[in-house]
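What follows is a short report on a single structure.
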Amino acid sequence: MFSIGDFAQYGRVSARMLRHYDAIGLLRPARTDPVSGYRFYEAAQLARLNRIIALKDLGFSLQQVGAILAEEVSVPELRGMLRLRRAELEASLAAAGARLAQVEARLRTIESEGRMSADDVVVKRTGAVLLAELSGVAASYGPEDIGPVIQPLYGELCRRLETAGVTPAGPGLAYYEDAPETPAAKTPEAETSEAETPAAETPEVETPAATTPEKHGPTWSREAIVVHAGIVITEEALAKAGAIAHVTPGRPGTTSATPTPTGLGFDVVTLPALDCAATVVHRGPMSRILPTVQNLAHWIDANGYRSAGYARELYLECPPDQEKWVTEIQEPVVRA
């Protein structure tokens, strides 16, 4: 017979653990002194203790270990449990490998720049959101072209929401998509014809007059970008305001959806979730966003991803002082 201390030493476990095993019926002592309550174990019980430890090391819970030792689990069931555990371990290894790649990428950045980057990138899933929106066209995706378009759009959208009695339910969220492409070449006659009838050739978008597509001409260049300025709202607020729109959810796997008129002076759209987005927080005015975006692009490339579309901009804080703006950049990515 071994005392609980000696048995714990031989079994490479703590006496507290042996008391726990006794309490849950996993490993009872061979004898318990009725007066002192001391537990005593037999040498043969080391085999059972070793098997408990081995099964725990494989990742089984104590409840599962008890069922296995009681032979309540058949061989096919045990095989299935082990295969499941193998899959869990493989997933853990893959996750650890991804984290290791991130650490190595951060080390390379520090070694090349001599400092720690202030832009921490997080890969996550974003949720689908219901947006009230106005849209316009920018000559390019550059901040110098987007800024003059998106700022009046937001000012006008806020005015129209207030007029309609629709209270925002969340922050602003902007997203982008390619504008229709311009034909490679046009005859002078065709250009004259289009100039006479711009409305027939220009997609209709509800925007303030200062940012209508006609400002950019009857046709759009290949670099032109459709700018969607949105604000999070609720279906209840829309219904209360008497909106006529039937909101159609975006298709799974897409990064944008088709806006629907409401009859209230703005469109609504259910913007689909991003299953995998590389996100970073930008502080300050959007006119200085390029360094943040470039750091994000560098991180995406260094960590084995590639971009899957235009980034979204979630405006978390927008006080009058633009130096205090806080914006989350959400770029859809996939594994390269």
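Keep in mind that what you see is a predicted model, and the values were worked out from it rather than measured. Residues: numbered from 1 along the sequence shown.
- Put simply, OG1 on Thr163 and CD on Glu156 are 8.5 Å apart, with the number rounded to the nearest 0.5 Å.
- Using a cut-off of 4.0 Å between Lys/Arg side-chain N and Asp/Glu carboxylate O, Arg85 and Glu88 are scored as salt-bridged.
- Judged by distance alone, the side chain of Arg48 and the main-chain N or O of Leu26 form a donor-acceptor pair under 3.5 Å.
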- Message: As a quick check of understanding, evaluate side chain to side chain contact (heavy atoms under 4.5 Å, CB included) for Leu238 and Leu130, giving each step before the final call.
- Response: CA-CA 10 Å; Leu238 275 179; Leu130 178 64; 4.3 Å; yes
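- The CD atom of Glu71 sits 11.0 Å away from the CG atom of Leu78 when rounded to the nearest 0.5 Å.
- In this structure, CG on Leu271 lies 7.5 Å from OG1 on Thr126, to the nearest 0.5 angstrom.
- Residue pairs meeting the ring-ring contact (aromatic ring centres under 6.0 Å, His included) criterion with at least one member in residues 311-336, sequence neighbours excluded: Tyr154-Tyr315.
- Using cut-offs of 30° and 60° on the angle between ring planes, the pair Tyr141 and Tyr176 is perpendicular.
- Ile68 is connected to Leu46 through a chain of hydrophobic side-chain contacts under 4.5 Å among Ile, Leu, Val, Met, Phe, Trp and Tyr, so both are in one cluster.
- Under the 4.5 Å side-chain criterion, counting only non-hydrogen atoms from C-beta, Val280 is not in contact with Asn295.
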- Item | Val137/Val149 under side chain to side chain contact (heavy atoms under 4.5 Å, CB included): CA gap, chis, key distance, verdict | CA-CA 7 Å; Val137 180; Val149 175; over 6 Å; no
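- From Leu62, atom CG reaches atom CE of Met17 across 7.5 Å, with rounding to the nearest 0.5 Å.
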- Evaluate the criterion side chain to side chain contact (heavy atoms under 4.5 Å, CB included) for residue pair Asp267 and Leu134; output intermediate values, then yes/no. CA-CA 6 Å; Asp267 294 342; Leu134 292 178; over 6 Å; no
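- Residues Leu69 and Ile24 share a single hydrophobic cluster, defined by chaining ILVMFWY side chains whose heavy atoms lie under 4.5 Å apart.
- No hydrogens or angles considered: nothing links the side chains of Glu313 and Thr327 as a donor-acceptor pair under 3.5 Å.
- In the displayed structure, Glu162 atom CD is contacted under 6.0 Å by at most 12 heavy atoms of other residues, nucleotides or ligands.
- At least one side-chain heavy atom of Tyr41 sits under 4.5 Å from a side-chain heavy atom of Leu18.
- Side chains of Leu82 and Phe60 form a contact here, defined as non-hydrogen atoms less than 4.5 Å apart.
- When side chains are defined from C-beta on, Pro143 counts as touching Leu290, because their heavy atoms get closer than 4.5 Å.
- Going from atom OG1 of Thr167 over to atom CD of Glu236 covers 12.5 Å, rounded to the nearest 0.5 Å.
- With a 4.5 Å cut-off on side-chain heavy atoms, Cys276 and Val334 do not count as touching.
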- Item | Worked verdict on Val269 versus His228 for side chain to side chain contact (heavy atoms under 4.5 Å, CB included) | CA-CA 10 Å; Val269 63; His228 297 272; over 6 Å; no
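- A donor and an acceptor atom, one from each side chain of Tyr310 and Asp178, are located under 3.5 Å apart.
- Of the residues listed (Asp22, Thr32, Asp33), the one engaging Arg39 in a side-chain hydrogen bond (donor to acceptor under 3.5 Å, both in side chains) is Asp22, and it is the only one.
- Both Val65 and Leu58 belong to a single network of hydrophobic side chains, linked directly or stepwise wherever heavy atoms of I, L, V, M, F, W or Y lie under 4.5 Å apart.
- Across Phe40 and Ser3, no two heavy atoms sit closer than the pair CD2-CA, 4.0 Å.
- Under the 30°/60° scheme for interplanar angles, the aromatic rings of Tyr10 and Phe2 are found to stand perpendicular.
- Tyr21 and Met1 are not part of a single hydrophobic cluster, where members link through side-chain heavy atoms under 4.5 Å apart.
- For the pair Glu317 and Arg283, the salt-bridge criterion is not met [side-chain N within less than 4.0 Å of a carboxylate O].
- Val121 and Ile300 end up in the same hydrophobic cluster when Ile, Leu, Val, Met, Phe, Trp and Tyr side chains are linked at under 4.5 Å.
- In this structure, Ile146 and Ser140 approach most closely via the heavy-atom pair CG1-O, 3.6 Å.
- Between atom CD of residue Gln45 and atom CZ of residue Phe7 there is a gap of 5.5 Å, rounded to the nearest 0.5 Å.
- More than 12 non-hydrogen atoms from other residues, nucleotides or ligands lie less than 6.0 angstrom from CZ of Arg125.
- Pairing each heavy atom of Ile231 with each of Cys158, the nearest pair is CD1-SG, 3.8 Å.
- Between Ser14 and Ala8, the shortest heavy-atom distance links the atoms C-CB, 3.9 Å.
- Considering every non-hydrogen atom in both Val226 and Ala179, the closest pair reads CG2-CA, 3.8 Å.
- Taking each heavy atom of Ala138 and Asp145 in turn, the nearest pair found is CB-O, 3.7 Å.
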